[in-house]
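All residue numbers in this chain count up from 1 along the given sequence. Indexing begins at 1, ligand by ligand and atom by atom, following the structure's order. Worth saying up front: this structure is predicted, and the values here are computed from it rather than measured. Below, each value reflects all heavy atoms present in this structure, side chains not excepted, and no hydrogens, waters or symmetry copies.
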Amino acid sequence: MTTDDKLTIKPGMPLRGTTSVPGDKSISHRAILLGALGNGATEVRGWLAAGDTEATLGAVQALGIQIDRHDTHTLTVHGGTLKKPDQPLDFVNAGTGIRLAAGVMAGQPFESVLDGSYQLRRRPMKRITEPLQAMGAHIESTDGKCPLTIKPAVLKGVRYEMNVASAQVKSALLLAALFADGPTTVVQPGPARDHTERMLSSMGAQIVVEGNDVTLTPGAQLQPMNLTVPGDFSSAAFLIVAALIVPDSDITITGVNLNDTRTGLLDVLLEMGGNIQVTETGLEAGEPIGDLRVQSSQLRGTTVGGDMVVRMIDEFPVLMIAALNAQGETLVHDARELRVKETDRISVMAGELRKLGAQIEEREDGFRIIGQQRLMGAVVDGHDDHRVAMSLAVAGLAAAEMTVVTDARCAGDSFPGFAETLVSLGGGMLPQAVE
Ligand code: S3P
């Protein structure tokens, strides 16, 4: 995790050179949770050691699963039978951790309580409790929020039509389906990230994907995995936008996960005129990976909505920064989900960017930005939301004066070493001790 509580950004310094990004957060959560269900030792390299994933790891250890840490990013998960935890499982800020774990816990023969930070306690859980209850799960929530109390129940296979395109909901159902009495089909409204399907399939689960429908038939014994976690595209996104908007930049990011369900921002930035060259280099953990060369570009505004939204759901805060630097109008719609992330990312980002002098029109399901706005320097607040804090830092790189992002330690929830990476590329980030 970054040790910096605040980031001080000096604008206008070009980013140059080659770097990599930490392991994919979604895959790192799943490597622990699914590894725990495998029949033996799952070996994981390139694991993301960050706030959110450490919370999932701690919860799985509290369920009696032995995890050997060989070094920060290399570990062995000794899969087997889960045991009743002595205390509530604490997922801290990790929405992915708690929602996926709820699916697993619904199928266990013991009671568990799943909880988290003040921030996690604000996030909607009905989206998982309702479908899990439809499978017969016994779950009590606190007004649709966590803590969740999950009691033993007999689960039945169902066909469930999701009303929100969410990989977390889909994954919770597929994991519960492992413990059901018959096949479960999850019908997605759009193509949400598919890491759970890929991983379950690599473990020998009987899983069939037909368009947006995913069917899991329980019964197969899950085999352990041996995987190297690819770099997180969502972390690379901050560096990509930074290089595009700071003049004279030219960077290469190696080993990035290019799974199509995750790279919506790449398509949008290319459409906006971004000079980004993609070189696929192979497969890692069943996911396509590659290198991205990004050079400063004059971007043009665009419109984003429909199925594209779920393919870049975590990238809208940083898209705002690209849009502020683009020529013309950028319009985002169908992105209501942004309001129930770690924070309400539409209103929090708009509010903080206004402190930098930006003009942003908030919409109920998105935003509208007229570009080529030169931001001034200011003190802005990361709101304990990693993607907000890092997006504001990127905004500062192209501002007219120094920007300070306070409450920025949360960058380490997904991108430990964010500031150090920018500094290594020549970006204007002043090292700052914790006060
Ligand atoms: C994630 C899914 C997304 C994303 C989150 C990680 C996952 O959430 O925002 O950061 O790993 O499954 P939703 O599926 O709820 O949109």
Side-chain angles (χ1 to χ4, degrees), residues 22-34 47-48 50-53 55-57 91-104 116 119-120 122-132 145-146 162-175 186 188-200 212 214 229-230 232-238 257 259 261-265 285 287 307-319 334-346 349 365 385-391 410-411 413-415:
D24 188 288
K25 179 154 87 73
S26 293
I27 295 176
S28 295
H29 278 298
R30 286 162 173 80
I32 299 285
L33 277 166
L34 276 70
W47 189 73
L48 172 70
D52 278 11
T53 47
T56 293
L57 186 144
F91 288 91
V92 193
N93 277 353
T96 304
I98 195 169
R99 292 194 178 116
L100 269 59
V104 174
Q119 193 190 64
L120 198 57
R122 286 200 302 238
R123 297 184 65 185
M125 292 295 152
K126 266 199 189 131
R127 54 182 54 203
I128 53 156
T129 56
E130 281 180 358
L132 289 172
K145 312 272 164 64
C146 72
M162 290 165 49
N163 46 26
V164 40
S166 158
Q168 295 178 351
V169 175
K170 171 175 64 173
S171 301
L173 293 179
L174 292 174
L175 292 172
V186 184
Q188 316 177 69
R193 66 189 70 189
D194 62 358
H195 310 301
T196 304
E197 295 91 301
R198 287 177 192 244
M199 223 180 252
L200 281 173
N212 284 335
V214 187
V229 180
D232 197 327
F233 180 82
S234 294
S235 295
F238 301 106
N257 187 357
N259 179 324
T261 62
R262 295 289 300 281
T263 52
L265 181 75
E287 310 261 344
D307 276 359
M308 180 58 90
V309 171
V310 67
R311 292 184 54 227
M312 55 176 290
I313 191 66
D314 292 334
E315 278 64 75
F316 286 97
V318 81
L319 176 70
D334 301 328
R336 236 168 251 103
E337 272 297 290
L338 296 176
R339 298 205 178 266
V340 291
K341 292 296 178 187
E342 280 80 337
T343 56
D344 174 341
R345 285 181 172 161
I346 298 175
M349 280 299 296
D365 67 342
D385 181 338
H386 51 135
R387 304 210 193 277
V388 167
M390 290 187 277
S391 299
C410 55
D413 280 350
S414 62
F415 193 162

Using a 4.0 angstrom limit on heavy atoms, which residues are close to ligand 1?
S26, R30, T96, S166, A167, Q168, R193, I313, D314, K341
Of all residues at least two apart in sequence or in a different chain, which pass the side chain to side chain contact (heavy atoms under 4.5 Å, CB included) check with P230?
I27, N257, E284, A285, E287, I289
Does the side chain of H29 pick up a donor-acceptor pair with the side chain of T96 at under 3.5 Å?
no
Residues K25, D232: salt bridge by 4.0 Å N-O rule
no
Is it the case that T261 and R311 place a side-chain donor and acceptor less than 3.5 Å from each other?
no
Would you please name every residue forming a salt bridge (Lys or Arg N to Asp or Glu O under 4.0 Å) with D314, sequence neighbours left out?
R193, R345, R387
Partners of N212 by side chain to side chain contact (heavy atoms under 4.5 Å, CB included), sequence neighbours excluded?
Q188, P191
